[in-house]
There are 2 protein chains.
Amino acid sequence: MRLSTARRLVLEALFAADGPVSAPQLAQVLQVDATSVYRNLELLERHGLVRHVHLGHGAGLWVLPGRQELEYLYCERCAKVTQVAADDLDSIREQIRQRFGYRVRFTHFALIGLCDQCAGSSASRVSSYRKLTGAVRGR
Amino acid sequence: MRLSTARRLVLEALFAADGPVSAPQLAQVLQVDATSVYRNLELLERHGLVRHVHLGHGAGLWVLPGRQELEYLYCERCAKVTQVAADDLDSIREQIRQRFGYRVRFTHFALIGLCDQCAGSSASRVSSYRKLTGAVRGR
DNA sequence: ATACTTGCAAATGATTTGCCAGTGT
DNA sequence: ACACTGGCAAATCATTTGCAAGTAT
């Protein structure tokens with residue numbers, strides 16, 4: 001796989017990004033045709049250089065996989081996103097496996113719900129940000 | 001809210017269905033314009049008569065809310081769906097709330113992963129079926 | 001030459017919006 | 001009359017596919 005221009009731009013953009021970015025966003029910012037962005041993301045994903053996540057509704061979001069696998073928590077009201085290391089969810093994952101027979105992961109589809117602020121209670125202290133595509137209106 | 005023809009057909013179809021059904025499916029089966037199906041589903045949802053779930057990729061799926069709230073587990077490989085009563089997940093939900101500050105639910109977005117068969121191990125004994133829209137090819 | 005890449009147009013699929021004509025009260 | 005309803009065309013959004021011209025090796 002050659003490191004073509006569009007390909008390099010996509011990687012650089014993801015590297016510079018502060019969080020997951022959608023293909024349409026990349027295409028617009030980089031001034032590269034969306035088709036090319038999609039094709040490159042797919043190819044890069046096959047090579048394990050990028051991956052994508054789904055945070056609730058809307059476009060898939062792309063990221064560079066870090067050294068440690070990250071899983072996502074997403075607030076469907078305020079669009080806050082929290083990333084946690086896979087290890088932190090192992091115990092929960094294991095309980096789910098034992099009780100229901102599914103090996104779940106929140107790397108491809110986030111864990112979705114309401115953050116404490118949006119529900120009204122305590123706090124947390126993990127790295128969080130907001131989904132770029134904006135918060136969600138009442139469903 | 002009047003119980004118009006299209007509205008009644010949608011409700012009857014959901015009642016007869018064995019699992020969540022998409023709007024496009026309803027439109028096709030009932031021979032009712034998709035627009036009408038969407039509008040009715042949305043209206044019915046606002047009145048709490050129906051609700052919808054997202055099982056991985058693809059269209060949203062609609063169901064009649066039962067007496068007890070159901071949450072979904074979905075296998076991204078074989079499309080197997082398992083429904084569990086909300087209570088059964090309360091302990092897990094609570095752990096997630098304490099550790100990460102999110103009140104998650106799997107009623108709107110399913111808990112996604114691989115079922116034991118697709119991963120290779122033990123078993124479970126809950127009501128399960130397959131997503132109508134077919135299984136997923138290797139990502 | 002030959003394989004890899006890209007842009008552009010067009011298609012797909014789910015979902016939404018505008019509009020207008022028909023129906024129920 | 002007047003609000004509610006359904007169908008149809010068209011628009012939107014994310015994503016995919018076909019194709020033809022351009023580029024690297």
Side-chain angles (χ1 to χ4, degrees), chain A residues 1-13 20-47 49-63 76 79 108-110 131-139, chain B residues 1-13 20-47 49-63 76 79 108-110 131-139:
Chain A
M1 177 185 61
R2 215 146 66 205
L3 185 62
S4 69
T5 313
R7 204 115 71 210
R8 180 176 48 74
L9 287 174
V10 165
L11 285 174
E12 289 176 357
V21 193
S22 73
Q25 283 166 358
L26 288 169
Q28 200 220 306
V29 172
L30 302 177
Q31 290 288 290
V32 170
D33 193 278
T35 310
S36 191
V37 171
Y38 279 111
R39 275 191 294 233
N40 282 314
L41 286 172
E42 197 218 320
L43 190 153
L44 290 167
E45 187 170 54
R46 270 194 269 114
H47 285 262
L49 296 179
V50 305
R51 62 188 184 75
H52 75 274
V53 212
H54 296 282
L55 303 181
H57 298 109
L61 302 176
W62 300 79
V63 280
E76 16 179 3
H108 183 201
F109 286 101
K131 189 178 173 184
L132 299 174
T133 35
V136 184
R137 52 282 177 244
R139 253 271 174 199
Chain B
M1 179 185 60
R2 216 149 60 208
L3 185 61
S4 67
T5 314
R7 205 115 72 210
R8 181 175 49 73
L9 287 174
V10 165
L11 285 174
E12 287 176 358
V21 192
S22 73
Q25 282 165 359
L26 288 170
Q28 201 222 308
V29 172
L30 303 178
Q31 290 288 290
V32 170
D33 193 277
T35 310
S36 190
V37 171
Y38 278 110
R39 273 192 295 235
N40 283 313
L41 286 172
E42 197 218 319
L43 190 153
L44 290 167
E45 186 169 53
R46 270 193 269 114
H47 285 263
L49 297 179
V50 305
R51 63 190 183 73
H52 75 273
V53 212
H54 295 283
L55 303 182
H57 299 108
L61 303 176
W62 302 78
V63 279
E76 16 180 3
H108 183 201
F109 286 101
K131 190 179 174 184
L132 298 174
T133 36
V136 185
R137 50 289 175 236
R139 251 272 174 199

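Numbered from 1 within each chain, the chains take letters A, B, ... in sequence-line order.
- The side chain of Arg39(B) sits closest to dC19(C) out of dA24(D), dC19(C), dT15(C).
- If you take CG of Leu30(A) and C1' of dT6(C), they are 14 Å apart, rounded to a whole angstrom.
- The side chain of Thr35(B) lies closest to dT17(C) when the candidates are dT17(C), dC4(C), dG18(D).
- Atom C1' of nucleotide dT6(C) and atom CG of Asn40(A) are separated by 9 Å, given to the nearest angstrom.
- Look at CH2 on Trp62(B): it is 11 Å from C1' on dT15(C), rounded to the nearest Å.
- Counting heavy-atom neighbours within 6.0 Å of Glu12(A) CD, excluding the residue itself, gives a total above 12.
- As judged by a 4.0 angstrom heavy-atom cut-off over every strand, Ser4(B) is placed among residues touching the sugar-phosphate backbone only.
- Atom CD of Gln25(A) and atom P of dA14(D) are 9 Å apart (whole Å).
- Between Gln31(B) and Ala34(A), it is Gln31(B) whose nearest contact on DNA chain D lies nearer the 5' terminus.
- Closest to the side chain of Tyr38(B), out of dT15(D), dT6(C), dA14(C), is dA14(C).
- Whole-Å rounding puts the His57(B) NE2 to dT15(D) C1' distance at 11 Å.
- Rounded to whole Å, the distance from CD on Gln28(B) to P on dT12(C) is 16 Å.
- Residue contacts shown for Gly58(B) are absent, as no nucleic acid heavy atom lies under 4.0 Å away.
- The nearest whole Å value for the distance from the CZ atom in Arg8(A) to the P atom in dT23(D) is 16 Å.
- Of the residues Leu9(B), Val32(B), Leu41(B), the one that meets the side-chain contact (heavy atoms from CB on, under 4.5 Å) test with Leu26(B) is Leu41(B).
- Counting only heavy atoms from C-beta outward, the side chains of Arg39(B) and Leu43(B) never approach each other to under 4.5 Å.
- Listed nucleotides: dT25(C), dT17(D), dA14(D). Nearest to the side chain of Arg2(B): dT25(C).
- Atoms CG and CD, from Leu61(A) and Gln25(A) in turn, are 7.0 Å apart once rounded to the nearest 0.5 Å.
- Taking only side-chain atoms of Asp33(A), from C-beta outward, the nucleotide of dG7(C), dC8(D), dT5(C) with the closest atom is dG7(C).
- Regarding His52(A), its NE2 atom lies at a distance of 8 Å from the P atom of dT15(D), rounded to whole Å.
- Within the 4.5 Å cutoff, the side chain of Val50(A) has no heavy atoms near those of the Val10(A) side chain.
- Listed nucleotides dT17(C), dT15(C), dG7(C) differ in distance to Ser36(A); the shortest reach to its side chain belongs to dG7(C).
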